[in-house]
Number of protein chains: 2
Amino acid sequence: MTDGGAGRAAPRKRADARRNERTLLDAAAAVFVTSGVEAPVRDIAARAGVGVATIYRHFPTRADLIIAVYRHQVEACAEAGPALLAGVASPYAALGRWINLFVDFLVTKHGLAAVLHSDDAGFDTLHAYFLDRLVPVCAHLLEAAAASGEIRSDVDALELMRGVGNLCIGADNDPRYDARRLVDFLIAGLRLPH
Amino acid sequence: MTDGGAGRAAPRKRADARRNERTLLDAAAAVFVTSGVEAPVRDIAARAGVGVATIYRHFPTRADLIIAVYRHQVEACAEAGPALLAGVASPYAALGRWINLFVDFLVTKHGLAAVLHSDDAGFDTLHAYFLDRLVPVCAHLLEAAAASGEIRSDVDALELMRGVGNLCIGADNDPRYDARRLVDFLIAGLRLPH
DNA sequence: CTACGATAGGGAACGTTGTTCCGTTTCGCA
DNA sequence: TGCGAAACGGAACAACGTTCCCTATCGTAG
């Protein structure tokens, strides 16, 4: 309790450890851009100039590393939800804009959408993080749009988020597949005839 | 050209080879049901009581084995397209019914949808087979529905098929995710206001 | 019925992955 | 300046798809 933090022990890590953690995050981000989020752990370690064990010391599993790399952007996306709802004309428009934000995030990260919905255990924490953080935001937008009578009221936020995420799989590096268009169709399909 | 077949050599395979090919197909089908299409090759070999090399002799890659196992069902789906178009009231209804057929096929095969859209090379032939066989059928249905003014005319069949396939990923073994519903929304999103 | 050559098979071996282990190095404090 | 804990590196392990090579089997010609 001596530090102003969250009350946990927080035994300040050694300087080299903190330095390596930062180096690893940078290296991972760089490798993810060029080789996708499923890049071999060894590649990331090599890029950072450390051993593979160092990665696992800082990040219990690959999923945690991915979370750490993209945490800021996920948080930004989550926070954009209420802001859009407050600043845009209709809740449906806000929903559409927010979904676009999410899609833009996903399609610009090679393979992230794919790994996000892999049933491979070990990505469970990644899965859970994204869903825990974003589903409530989506649910809020859905409720508002349903309350205003713009969309049907039986749409489950979790289901929609997974659907949108799925639609983004393989959207990178293939010009014939435009995930944004399909997601727009999907969102349009939620509308009620007025 | 001496035989009445397709004109290729077709030097009748040895009896044990034909027997093993059949055994392998049965074993693969059984393992796919219990462990999904990404089951280890060794498991399939063990189930069939053969060595792994035997699999690769008959099927150059895992993808070819998967194709062989599901070929009949894919063909049936492809052939159902024109039939639906002829027998159902509106082209849009036929499209919906046909997409439902495709979705039913995908969601009942553990992991098939996932592997179908994996960017992993080696599944390219699987990818190509499904698309080559089904996209033209889908395109035909889309054209008919667009011609009758029921849906927008700028929907690409390849894109739609990939989108639908993607929506089916992870649809098995998760009761909270109903791919059929989402696909229905997507198809509904193609409608033109009349 | 037998022997032989081509065909097919089995399983060990290879290369690549994620992950863990352990001996060594480095840091931070007294 | 020395020492214990923390962190490190890379070898080691396990699981996977795939290939290789030697052996067993099949089908046929004599």
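Protein chains get the first letters and strands the later ones, always in sequence-line order, with residue 1 at the start of each.
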Using OP1 and OP2 only, check whether a side-chain N or O of [X] sits under 4.0 Å from [N].
{"X": "B:Thr61", "N": "D:dT18", "answer": "yes"}
{"X": "A:Thr54", "N": "D:dA7", "answer": "no"}
{"X": "B:Asn20", "N": "C:dG9", "answer": "yes"}

Presence of salt bridge, B:Asp104 and B:Arg180, under 4.0 angstrom: yes

Residues A:Arg181 and B:Asp156 bridged, charged N to O under 4.0 Å: no

Can you check the [X] [atom1] to [N] [atom2] distance for me, whole Å?
{"X": "B:Asp64", "N": "D:dG17", "atom1": "CG", "atom2": "C1'", "value": "14 Å"}
{"X": "B:Ile55", "N": "C:dG11", "atom1": "CD1", "atom2": "P", "value": "13 Å"}
{"X": "A:Arg57", "N": "C:dC27", "atom1": "CZ", "atom2": "P", "value": "15 Å"}
{"X": "B:Tyr56", "N": "D:dC21", "atom1": "OH", "atom2": "C1'", "value": "17 Å"}
{"X": "A:His58", "N": "C:dT19", "atom1": "NE2", "atom2": "P", "value": "16 Å"}
{"X": "B:Glu21", "N": "C:dT7", "atom1": "CD", "atom2": "P", "value": "17 Å"}
{"X": "A:Ile66", "N": "C:dG18", "atom1": "CD1", "atom2": "C1'", "value": "12 Å"}
{"X": "B:Glu38", "N": "C:dT17", "atom1": "CD", "atom2": "C1'", "value": "14 Å"}

Give one of base, sugar-phosphate or nothing for [X], where a contact means two heavy atoms less than 4.0 Å apart.
{"X": "A:Ala15", "result": "sugar-phosphate"}
{"X": "A:Ala39", "result": "sugar-phosphate"}
{"X": "A:Ala17", "result": "sugar-phosphate"}
{"X": "A:Val50", "result": "sugar-phosphate"}

Are side-chain heavy atoms of [X] and [Y] found at a separation under 4.5 Å?
{"X": "B:Ile44", "Y": "B:Phe32", "answer": "yes"}
{"X": "B:Phe130", "Y": "B:Leu112", "answer": "yes"}
{"X": "B:Ile187", "Y": "B:Ile151", "answer": "no"}
{"X": "A:Leu126", "Y": "A:Ile67", "answer": "yes"}

From C-beta outward on [X], which listed nucleotide comes closest to its side chain: [options]?
{"X": "B:Arg19", "options": "C:dG18, D:dC26, C:dG9", "answer": "D:dC26"}
{"X": "A:Val52", "options": "C:dT20, D:dC8, C:dG9", "answer": "C:dT20"}
{"X": "B:Arg42", "options": "C:dG9, C:dC14, D:dA5", "answer": "C:dC14"}

Along DNA chain D (nearest heavy atom to each residue), the more 5'-positioned of B:Arg18 and B:Val41: B:Val41

Check: C:dT19 base within 3.5 Å donor-acceptor of A:Arg62 side chain: no

Donor-acceptor pair present, A:Arg14 side chain and D:dA6 base, under 3.5 Å: yes

5' priority, DNA chain C, between A:Asp43 and A:Ala53 [closest heavy atom]: A:Asp43

